[in-house]
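Inspection log for the structure reproduced underneath, given as structure tokens.
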Amino acid sequence: MNRKKIALIGGGQIGGVLAQLIAQKALGDVVLFDIVEDMPQGKTLDVAEASRIDQFDVSLKGTNDYKDIAGSDIVIVTAGLPRKPGMSRDDLLTTNAQIMKQVAEGVKENAPNAIVIIISNPLDAMVTLFQKVSGFPHNKVIGQAGVLDSSRFSTFIAWELDLSVKDVNAMVLGGHGDTMVPLTRYANVNGVPVMEMLEKKYGDAAKAKEVMDAMVNRTKMAGGEVVKLLKTGSAFYSPAAAAIQMTESILKDEKRLLPSCVYLDKEYGAGGYYVGVPAVLGENGVERIVEVTLDDEESAAFQNSLNAVRSLVADMERLGF
Ligand code: A3D
């Protein structure tokens, strides 16, 4: 059997949706790992029992044993605590760093050739830590944040302009926190600049800017908006959908240009940090990093976000990770 194998580390809210989406899209066989006994076995059984209805033949296995992830082509990590109302992503640092260290050791030992997508927060620090502990090549350790943040931004633009989100192209760069950088100047609807459409709608450049600023702020706070409403956890449908888009691009070698948390050395003057920028994702993981031309204001915002990532990583190192 030549099916791809996808291991999901963490069988909570996002892990469960990931298993279902992978099955429905028949992307490959699924192994769902969690430390909680029986739960991943129960979730995969539940998803598998929809196979007749959804017409898929992939196998699904729940497990508490890392050995079952052997031979995985892709590993998606959601292990870790989600936010509660009032918490920032960075508040999760100590607990999730301990978990991520264990996960990196388990993946290194059992699936050394996998390409890894991290979703656990605080995202930029968790990707950094996974790569450090596993020693995997940088092109094979990627964080998911930008695809989701960009989808949120695109959704708000579509609602504002009252048109299909399918035609909206908008990208968010930077770290996955309040300093993220939605690129307003590049945002367009099938090539037509969003700013131009807003100016026509309101007949006033100042009002158009005000509306765009509000969408930018909502994008930055979008994760917290969901946390506040859910009260018991954070977003899970949309982060899972985002990681699936990245997974598909890698497994099918689509080479899509997706905003991803990737390792930057000389690019963007980052000097050895993981942060969100557009990257081509294909069968080798990160195949290319695309440097967007930023004006002074965008560049300052990106540097500010990079500094936030630097200080988060420094905090993590001070904690001994
Ligand atoms: P949740 O439903 O709590 O699932 C996390 C799972 O991790 C639980 O089932 C735990 O049992 C499991 N777990 C804990 N410790 C370990 C361990 N050592 N090994 C393996 N599994 C373990 O959370 P969730 O699925 O809602 O969110 C998962 C993570 O994703 C959290 O850190 C969130 O903050 C993060 N998240 C990121 C984004 C991004 O866009 C980056 C969006 C939403 C959530």
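Remember, it's 1-based here, ligands and their atoms both numbered in the order they're listed. In this chain, residues are counted from 1 in sequence order. These values consider heavy atoms only, across backbone and side chains, with no hydrogens, waters or symmetry-generated copies.
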- Determine yes or no for a side-chain-to-main-chain donor-acceptor pair under 3.5 angstrom, with D124 supplying the side chain and P122 the backbone.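 Between the backbone of P122 and the side chain of D124 there is no qualifying donor-acceptor contact (under 3.5 Å).
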Going by the atom numbers of ligand 1, which of them fall below 4.0 Å from some non-hydrogen atom of [X]?
X: I99; result: 14 (C), 15 (N), 16 (C), 17 (C), 18 (N)
X: L148; result: 40 (O)
X: M39; result: 9 (O)
X: V36; result: 11 (O)
X: N96; result: 32 (O)
X: L92; result: 34 (O)

- Assess whether atom CG of D295 is packed by more than 12 heavy atoms of other residues, nucleotides or ligands within 6.0 Å.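 Counting neighbours around CG of D295, more than 12 heavy atoms of other residues, nucleotides or ligands fall under 6.0 Å, so yes.
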- Message: Atom NZ of residue position K228 - does it have more than 12 heavy atoms of other residues, nucleotides or ligands inside 6.0 Å?
- Response: no
Checking a contact table here: which protein heavy atom is nearest [atom], and how many Å away?
atom: atom 31 (C) of ligand 1; result: L81 O, 3.2 Å
atom: atom 19 (N) of ligand 1; result: I35 CG2, 3.6 Å
atom: atom 34 (O) of ligand 1; result: N121 ND2, 3.1 Å
atom: atom 24 (P) of ligand 1; result: I14 CG1, 3.9 Å
atom: atom 29 (C) of ligand 1; result: T78 O, 3.4 Å
atom: atom 39 (C) of ligand 1; result: H176 NE2, 3.4 Å
atom: atom 37 (C) of ligand 1; result: I119 O, 2.9 Å
atom: atom 42 (C) of ligand 1; result: P239 CG, 3.5 Å

- Give yes if a backbone or side-chain nitrogen or oxygen of D34 is under 3.5 Å from a nitrogen or oxygen of ligand 1, and no if not. yes
- Task: Carefully, step by step, assess D253 and K255 under the rule salt bridge (charged side-chain N to carboxylate O under 4.0 Å, His left out).
- Result: CA-CA 6 Å; D253 195 26; K255 302 193 193 296; 3.0 Å; yes
- Task: Measure the distances from the heavy atoms of Q98 to every atom of ligand 1 and state whether one is below 4.0 angstrom.
- Result: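 No, Q98 has no heavy atom closer than 4.0 Å to ligand 1.
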- Message: Taking only non-hydrogen atoms of A235, do any sit less than 4.0 angstrom from ligand 1?
- Response: yes
- Message: I'd like to know if L123 and L93 are part of one continuous hydrophobic network [Ile/Leu/Val/Met/Phe/Trp/Tyr, side-chain heavy atoms within less than 4.5 Å].
- Response: yes
- Task: Please answer: with hydrophobic residues joined when any side-chain heavy atoms are less than 4.5 Å apart, are I14 and L258 in the same cluster?
- Result: yes
- Report the member of S238, G80, G10 with the shortest heavy-atom distance to atom 5 (C) of ligand 1.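 Closest candidate by heavy-atom distance is G80.
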- Heavy-atom nearest option to atom 22 (C) of ligand 1, drawn from G16, A79, G177, A242: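 Comparing heavy atoms across G16, A79, G177, A242, the nearest one to atom 22 (C) of ligand 1 lies in A79.
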Taking distance alone, no hydrogens or angles, what donor-acceptor pairs closer than 3.5 Å link side-chain atoms of residues 233-246 to residues at least two apart or in another chain?
none

Please work out, at 4.0 Å between heavy atoms, whether the side chain, the backbone, both, or neither of [X] comes within that distance of ligand 1.
X: L123; result: side chain
X: Q144; result: both
X: Q13; result: both

Heavy-atom side-chain proximity of [X] to [Y] below 4.5 angstrom:
X: V133; Y: K108; answer: no
X: Y274; Y: V313; answer: no
X: V286; Y: L281; answer: yes

- Parallel, tilted or perpendicular for H138 and Y263, by the 30°/60° rule?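 It falls in the parallel class, under 30°.
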- Query: Between the side chains of D46 and Q20, is a donor N or O closer than 3.5 angstrom to an acceptor N or O?
  - Reply: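 No.
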- Message: Is there a salt bridge (charged side-chain N to carboxylate O under 4.0 Å, His left out) between E210 and K207? Walk through the geometry before answering.
- Response: CA-CA 5 Å; E210 196 183 298; K207 175 67 184 167; 3.6 Å; yes
